[in-house]
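Below, chain A is the first sequence line, B the second, and so on; all start at residue 1.
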There are 4 protein chains.
Amino acid sequence: MQSRRPAARTGRPRSAAADAAILAATREALVELGWSKLTLSDVATRAGVAKTTLYRRWAGKNELVVDAVAELFDELELPDRGSLAADIEGVVLQFAAILDRPEAKSGLMAVVAESTRDDALRARIRTSIVDRQKRLVMEGRVRAQKRGELPGDNDPAQAARSADLIFDMVAGAVVHRTLVSARPADEAWVRDLTRLLVLGLAGAARAS
Amino acid sequence: MQSRRPAARTGRPRSAAADAAILAATREALVELGWSKLTLSDVATRAGVAKTTLYRRWAGKNELVVDAVAELFDELELPDRGSLAADIEGVVLQFAAILDRPEAKSGLMAVVAESTRDDALRARIRTSIVDRQKRLVMEGRVRAQKRGELPGDNDPAQAARSADLIFDMVAGAVVHRTLVSARPADEAWVRDLTRLLVLGLAGAARAS
Amino acid sequence: MQSRRPAARTGRPRSAAADAAILAATREALVELGWSKLTLSDVATRAGVAKTTLYRRWAGKNELVVDAVAELFDELELPDRGSLAADIEGVVLQFAAILDRPEAKSGLMAVVAESTRDDALRARIRTSIVDRQKRLVMEGRVRAQKRGELPGDNDPAQAARSADLIFDMVAGAVVHRTLVSARPADEAWVRDLTRLLVLGLAGAARAS
Amino acid sequence: MQSRRPAARTGRPRSAAADAAILAATREALVELGWSKLTLSDVATRAGVAKTTLYRRWAGKNELVVDAVAELFDELELPDRGSLAADIEGVVLQFAAILDRPEAKSGLMAVVAESTRDDALRARIRTSIVDRQKRLVMEGRVRAQKRGELPGDNDPAQAARSADLIFDMVAGAVVHRTLVSARPADEAWVRDLTRLLVLGLAGAARAS
DNA sequence: CCTTAAGCGAGACGGTACGTCAAGTCTTGCG
DNA sequence: CGCAAGACTTGACGTACCGTCTCGCTTAAGG
């Protein structure tokens, strides 16, 4: 999660409790203050930790917030609800629920914005957050193929392109709905989204 | 664009040139420095204007950047390319091109992130940027209905919901592709996106 | 009092009332705010006058305050109380009373401090304020000589030196008492001061 | 000299060198710029210190200048020259020499002016500067009494009043001579001042 | 068990930007 | 041309965080 140190074997080991306290304090501060007013001094105080301890483990605000937010997405999973549409609805609702929490709202978009000028940060976001979700898309696709809801992949490259597209559309739609349009991604909306998507996929399967 | 003052007729009038210079300087600074390293002092210097002049017209960094970025979207338009799919492709490519510019990338997501904690800012974003694009969706819908590509609106409320959904999906997908996935929203990708969407709409029209 | 303009005969003449209003407003602001927090904008507002009008007549804060304070000293006079000691006591009490007013306290020392680095300002202070008081010393001396309380001036240069010394001692003592020691220059104190001074002068007269 | 903190034993200790550098830089800036153009930013730069360091130790310009000027008066002492008159002359010349230095001229009167509206500042001036000098008056008085030049104190309250008066007269005269009259408090002038004072004191002793 | 190297808290440090304020100038339109 | 109004440039203000540093103390592993 944080910078790997190459096997320091002597000296006092780092407190494991501090990490958890810091990440929790970060989320708490995100809720209360939002990204732009969050300060590392404040986080350190909340965590009952010195500023130096914090800087020893994270390079700065961006990295810290990525890790703090990433933990929120660990709870995402893909339950088997019996059909492609139901599976999608389930996972999208989970995603929307996470994104509706203020610590995710405030933090996630901000680090994405920062990542437009910081490749290392973008890589960290991808590793810690995005790829974790994309895995769900792949699993859902395989599961739907087993069920016969989607055709098998004749062309693997085409399959990857399709997965990327679906992922951008679904994740993008939820984010846009939640943050830009500022309206809730509730069950009705998710049902409409899923319906449009599944119909599109079905049409594409017929056409190909 | 900035706060309207109710017709002050006495005293020296505000320099109109300064507004343009400031917004241009803001975009320039966004390109070079990105959102988080952009400072109002620097913008003022670039614009050849005093910091106080800047604060007299905008409440802060957020408001300024919204206005600076909003001007980028003024060039969006919906050319008639003969079919719904072609129209969508055309406008999405325009949107993607704007979003690919560094001043838009850096600035837009940052103010969206800020807006999660600032209702006035969100309203400003909506007025200055979002609604301008949504108008294109409405126009495209009407045009497609005239062509017979889409059924007429039996239920206006349902039509609005549908337009909102499409807008969130398309805009969200482009944003997610560009900023999160960090891959270009090029013609091939846009064609795939459009195809999936049009098939979905067609399927929905059949089903209803 | 203010900068002399050499007979402008065309255009709208300057409002004479404005001068008085500005100086009164300056004293009022001195009372309320003190020297360092007094601003020319505020003075202009109080006087119901534009800032430009103020700058057209005074070069800056220092000059304005000198003139505003100088008017306070116009009321000083040397009443004939029948003896040197009584005359001194009378005028010193008057001086102490003026110096006790907050607009004098705040303003006078500040401009004196400024004048250590500004010869023109020092000259203005001397002309407008100091020499007006020193005249009283000279008058008192002559009057005492007429009464036979002091010997005539055999040596005019020595007489001038003596007058200067007395002036510095008396004025300096009152200022120091009032501002530095921050205790009132009341009747008892003035009587002690006068007694010491008159005894000294008498001793000097005997010794020469 | 600055605010006493009650023995903080944790954290990085304050640099002692910084204090000296800041006070020296303040005096240097007073010489070059005078009180009103002295800025704390400039002082910080001269001292090779961050502005925050300066504000951490002094509340503002006034407090800083008081301390910077106070150090100048540390060199004052009362040498035993054998007679009351000679002792007075000696110490007055020292005082005049200090007051003639531009950093004292510029700074001292300004803070006195400010102190008319700031009781804490006046107390600081009194503690750091005034009382240090007044001690010299008391010592001189005792020494003269031992020599038989002045009568013993029958009435202690009267003695204190007398000492206060002498102090205000002498210090006030030197200040007035130097700053208001703007003429040097040289040996001849100091001799005249001392003579008048000693004659007055002698007369008072005879009369009582 | 005892050295020893790192972790740790506290908080001072040099910086940079903030948003505000006052100084003094300039630009309007009105009288 | 005087004047009121108010926008303008300039530059200092005092504050807040940044990320680094210097202390003195604590803590575990390894000799």
Report task. Name the residue closer to the 5' end of DNA chain E, choosing between G48(D) and K61(C) according to the nucleotide with the nearest heavy atom. Result -> G48(D)
Query raised in the report: Rounded to whole angstrom units, what separation is found between the CZ atom of R56(D) and the P atom of dG14(F)?
Result: 16 Å
Report summary line: Contacts of E63(B) meeting salt bridge (charged side-chain N to carboxylate O under 4.0 Å, His left out) (sequence neighbours excluded), chain-then-number -> none
Query raised in the report: Between dT16(E) atom C1' and Y55(D) atom OH, what is the distance in whole Å?
Result: 15 Å
Query raised in the report: Under 4.0 Å between a side-chain N or O of T52(D) and OP1 or OP2 of dA16(F)?
Result: no
Report summary line: Between A16(D) and A18(A), whichever has its closest DNA chain E nucleotide further toward 5' is A18(A)
Report task. Take the protein atom CG of L40(B) and the nucleotide atom C1' of dT9(F), then report the distance between them rounded to whole Å. Result -> 17 Å
Requested in this report: Establish, with yes or no, whether the OP1 or OP2 oxygen of dT9(F) is under 4.0 angstrom from a side-chain nitrogen or oxygen of T53(B).
Outcome: yes
Query raised in the report: In whole angstrom, what separates E63(B)'s CD from dG19(E)'s P?
Result: 10 Å
Query raised in the report: Per the atom types in the model, does the base of dG14(F) pair as donor or acceptor with the side chain of K51(D) at under 3.5 Å?
Result: yes
Query raised in the report: OP1 or OP2 of dG9(E) less than 4.0 angstrom from a side-chain nitrogen or oxygen of T10(D), does that happen here?
Result: no
**Report entry** Test item: I125(B) and R122(B) side chains (from C-beta on) under 4.5 Å apart, heavy atoms
**Finding:** no
**Report entry** Flag, side chain of S128(B) to backbone of R124(B), donor-acceptor distance under 3.5 Å
**Finding:** yes
Report summary line: Rounded to whole Å, the CG-P distance (L54(A) to dT20(F)) equals 12 Å
Query raised in the report: Just checking G60(D): base, sugar-phosphate only, or nothing, at a heavy-atom cut-off of under 4.0 Å?
Result: nothing
Report task. Compute both the distance and the angle, then confirm whether K105(D) meets the cation-pi test with W35(D): under 6.0 Å from the six-membered ring centre, within 45 degrees of the axis. Result -> no
Requested in this report: Send over the distance from R14(B) CZ to dT9(F) P, rounded to a whole Å.
Outcome: 12 Å
**Report entry** Whole angstrom value for the distance that separates P of dC13(F) from CH2 of W58(D)
**Finding:** 15 Å
Query - dC13(E) base / R12(D) side chain donor-acceptor hit below 3.5 Å - result: no
**Report entry** Nearest-Å distance for atom pair CG/C1', residues L64(D) and dA12(F)
**Finding:** 15 Å
Requested in this report: Give the nucleotide from the list dG9(E), dT28(E), dG14(E) with an atom nearest to the side chain of V49(A).
Outcome: dG9(E)
Report task. Dump the intermediate steps for side chain to side chain contact (heavy atoms under 4.5 Å, CB included) on L38(D) and D42(D), then the final yes or no. Result -> CA-CA 7 Å; L38(D) 177 150; D42(D) 183 66; over 6 Å; no
